[in-house]
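Okay, so here's the structure we're looking at.
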Number of protein chains: 2
Amino acid sequence: MSLPHAILTALLEKPSSGLELTRRFDKSIGYFWSATHQQIYRELGRLEQAGHIRALPSPVPVRGRRKEYEVLPAGRAELGDWVARSEDPKPMRSALLLRMRAAAMVGAPGLRAELERHLALHRGQLEEYRAIEDRDFPPERRRTEPDRLRHLVLRGGIDLERFWVEWLTGALAELDREE
Amino acid sequence: MSLPHAILTALLEKPSSGLELTRRFDKSIGYFWSATHQQIYRELGRLEQAGHIRALPSPVPVRGRRKEYEVLPAGRAELGDWVARSEDPKPMRSALLLRMRAAAMVGAPGLRAELERHLALHRGQLEEYRAIEDRDFPPERRRTEPDRLRHLVLRGGIDLERFWVEWLTGALAELDREE
DNA sequence: TGGTGCATGTAAGGAGTTACATGATTCG
DNA sequence: CGAATCATGTAACTCCTTACATGCACCA
């Protein structure tokens with residue numbers, strides 16, 4: 001049940017249309033929560049239904065016509081409740097680690113290449129996030145508490161990508177020692 | 001579509017009943033793929049249907065009576081195909097990071113406590129995995145290629161937990177600097 | 001014989017994914 | 001006016017989660 005709260009947060013930061021939200025989820029929001037445009041439009045409908053958000057004044061609501069949403073007080077309250085809730089970390093599911101474990105049983109012709117491919121992907125993601133950090137969090141924007149929190153979250157994304165880059169590098173070295 | 005392959009891998013390592021599989025997923029397999037017993041029984045049914053596994057000889061199949069499964073050649077082949085496939089890493093979804101970002105918008109009374117709670121959980125998980133490493137991977141079991149692969153996978157789980165322990169520790173220190 | 005644990009399931013619903021559909025706008 | 005692009009959706013499906021149901025074995 002986190003997607004609606006991700007959307008509420010994004011809309012509080014800046015009222016947006018569905019497509020704008022999709023773009024923001026693709027780039028800057030994606031480092032802590034990902035979503036497709038189908039999910040976003042469905043959830044926008046539900047949030048509007050629930051009275052948590054509303055479409056900004058528009059003459060006639062027509063399919064294909066841009067709709068801008070903003071958060072209503074009820075939506076802000078709901079988000080406040082959710083933030084205060086406790087929630088355990090979801091148990092892990094890594095298809096890559098599973099592949100490695102399966103490879104131990106049935107052999108692994110292309111495993112090395114797959115690890116290298118993932119390494120390249122994580123390196124790319126890391127660069128993207130670092131660029132966002134340079135752009136959105138220059139030193140002077142790390143002072144107020146909200147900015148410090150947002151920067152911390154981005155650091156989470158960056159540090160995780162760095163973790164995978166380092167881990168995959170080590171794993172490849174370990175694989176090489178054997179062959 | 002990874003759960004069936006997780007089960008095939010587990011059954012290749014050691015033929016098991018549904019409940020035994022559930023226990024193995026809860027403890028040692030959980031560090032790369034998690035699953036509940038409901039998922040497991042459903043998937044065992046599908047795998048049997050597909051001819052990838054079979055229930056070991058039992059007089060009469062009765063509900064409530066234990067069933068042991070083993071992998072058939074077709075299942076091993078299917079797993080081999082899957083291992084050779086490429087798959088991109090799933091984009092991230094962290095409810096904790098999302099909470100922090102939302103807290104930047106609506107305030108965060110209990111956020112520190114929630115971070116500390118997660119820190120304790122990850123510390124606990126880390127200790128469990130380390131115990132598994134001591135028990136299952138003593139130095140002499142790190143020589144053959146399959147063992148080295150399996151150990152590498154466990155290292156992945158351990159290193160990820162260590163990552164979160166360190167990251168959360170740093171985040172808490174960062175939060176303190178402000179107040 | 002009745003409870004407790006073991007073992008295997010069913011049912012319902014929520015969340016995410018993939019493929020496709022439709023209207024509006026812009027631009028050559 | 002035709003094509004590309006912007007923008008908003010629908011539909012179908014798979015997967016996961018949560019709650020509940022049922023049968024067997026043991027043992028006090």
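Reckoned from all heavy atoms, side chains included, excluding hydrogens, waters and symmetry mates. Here the structure is a predicted model, which is why all the values come from computation and not from measurement. Lettering follows sequence order; numbering is per chain, from 1.
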Listed partners of B:R141 passing salt bridge (charged side-chain N to carboxylate O under 4.0 Å, His left out), at least two apart: B:D147
Between the side chains of B:D176 and B:R112, is the shortest nitrogen-to-carboxylate-oxygen separation below 4.0 Å, so that they form an ion pair? yes
Between B:R66 (CZ) and C:dG5 (P), how many Å, whole number? 19 Å
Figure out the CG/P separation between B:L56 and C:dT8, and round it to whole Å. 12 Å
Could you list all the salt bridge (Lys or Arg N to Asp or Glu O under 4.0 Å) pairs where at least one residue sits in residues 6-15 of chain A, not counting sequence neighbours? A:E13-A:R24, A:E13-B:R101
For A:R93 and D:dT14, what is the distance between atoms CZ and C1' respectively, to the nearest whole Å? 13 Å
Check residues 82-97 of chain B and write down every donor-acceptor pair under 3.5 Å in which the side-chain atom is one partner and the other belongs to a residue at least two apart or another chain.
unit_1: B:S86; atom_1: OG; unit_2: A:E114; atom_2: OE1; d: 2.8
unit_1: B:E87; atom_1: OE1; unit_2: A:R99; atom_2: NH1; d: 2.9
unit_1: B:E87; atom_1: OE1; unit_2: A:R99; atom_2: NH2; d: 3.2
unit_1: B:D88; atom_1: OD1; unit_2: A:R117; atom_2: NH1; d: 2.7
unit_1: B:D88; atom_1: OD1; unit_2: A:R117; atom_2: NH2; d: 3.2
unit_1: B:R93; atom_1: NE; unit_2: A:S34; atom_2: O; d: 3.0
unit_1: B:R93; atom_1: NE; unit_2: A:S34; atom_2: OG; d: 3.4
unit_1: B:R93; atom_1: NH2; unit_2: A:S34; atom_2: O; d: 3.0
unit_1: B:R93; atom_1: NH2; unit_2: A:S34; atom_2: OG; d: 3.2
unit_1: B:S94; atom_1: OG; unit_2: B:L96; atom_2: N; d: 3.4
unit_1: B:S94; atom_1: OG; unit_2: B:L97; atom_2: N; d: 3.1

Partners of B:E48 by salt bridge (charged side-chain N to carboxylate O under 4.0 Å, His left out), sequence neighbours excluded? none
Between C:dT8, C:dG14, D:dT8, which nucleotide gets closest to the side-chain atoms of A:K67? D:dT8
Review item, side-chain donor-acceptor pairs of residues 71-79 of chain B, under 3.5 Å, at least two apart:
unit_1: B:E78; atom_1: OE2; unit_2: B:H5; atom_2: NE2; d: 2.8

Distance in angstrom units between B:D88 CG and C:dT18 P, rounded: 11 Å
Nearest-Å distance for atom pair NZ/P, residues A:K90 and D:dC15: 19 Å
Could you identify which residues of residues 74-87 of chain A place a heavy atom less than 4.0 Å from some atom of DNA chain D, listed by residue number, or say none? none
All salt bridge (charged side-chain N to carboxylate O under 4.0 Å, His left out) counterparts of A:E128, not counting sequence neighbours: none
Those residues of residues 34-43 of chain B lying under 4.0 Å from DNA chain C by at least one heavy atom: B:H37, B:Q38, B:Y41
Looking at A:R155 and B:E174, is any side-chain nitrogen of the basic one under 4.0 Å from a carboxylate oxygen of the acidic one? no
Starting from P on C:dT17, measure out to CG on A:D26 and report it in whole angstrom. 12 Å
Take atom CH2 of B:W33 and atom C1' of D:dC15, then tell me their distance rounded to the nearest Å. 10 Å
Residue pairs involving residues 12-35 of chain B (criterion ring-ring contact (aromatic ring centres under 6.0 Å, His included); sequence neighbours excluded): B:Y31-B:Y129
Which residues in residues 4-21 of chain A have at least one heavy atom lying under 4.0 Å from any atom of DNA chain C? none
Please enumerate all residues that pass ring pair (Phe, Tyr, Trp, His ring centres under 6.0 Å) together with A:H118, with sequence neighbours excluded. none
Please compare A:S2 and B:R23 by the position of their nearest nucleotide in DNA chain C and report the one closer to 5'. B:R23
Can you list everything that forms a salt bridge (charged side-chain N to carboxylate O under 4.0 Å, His left out) with A:R130? Sequence neighbours excluded, please. A:E127
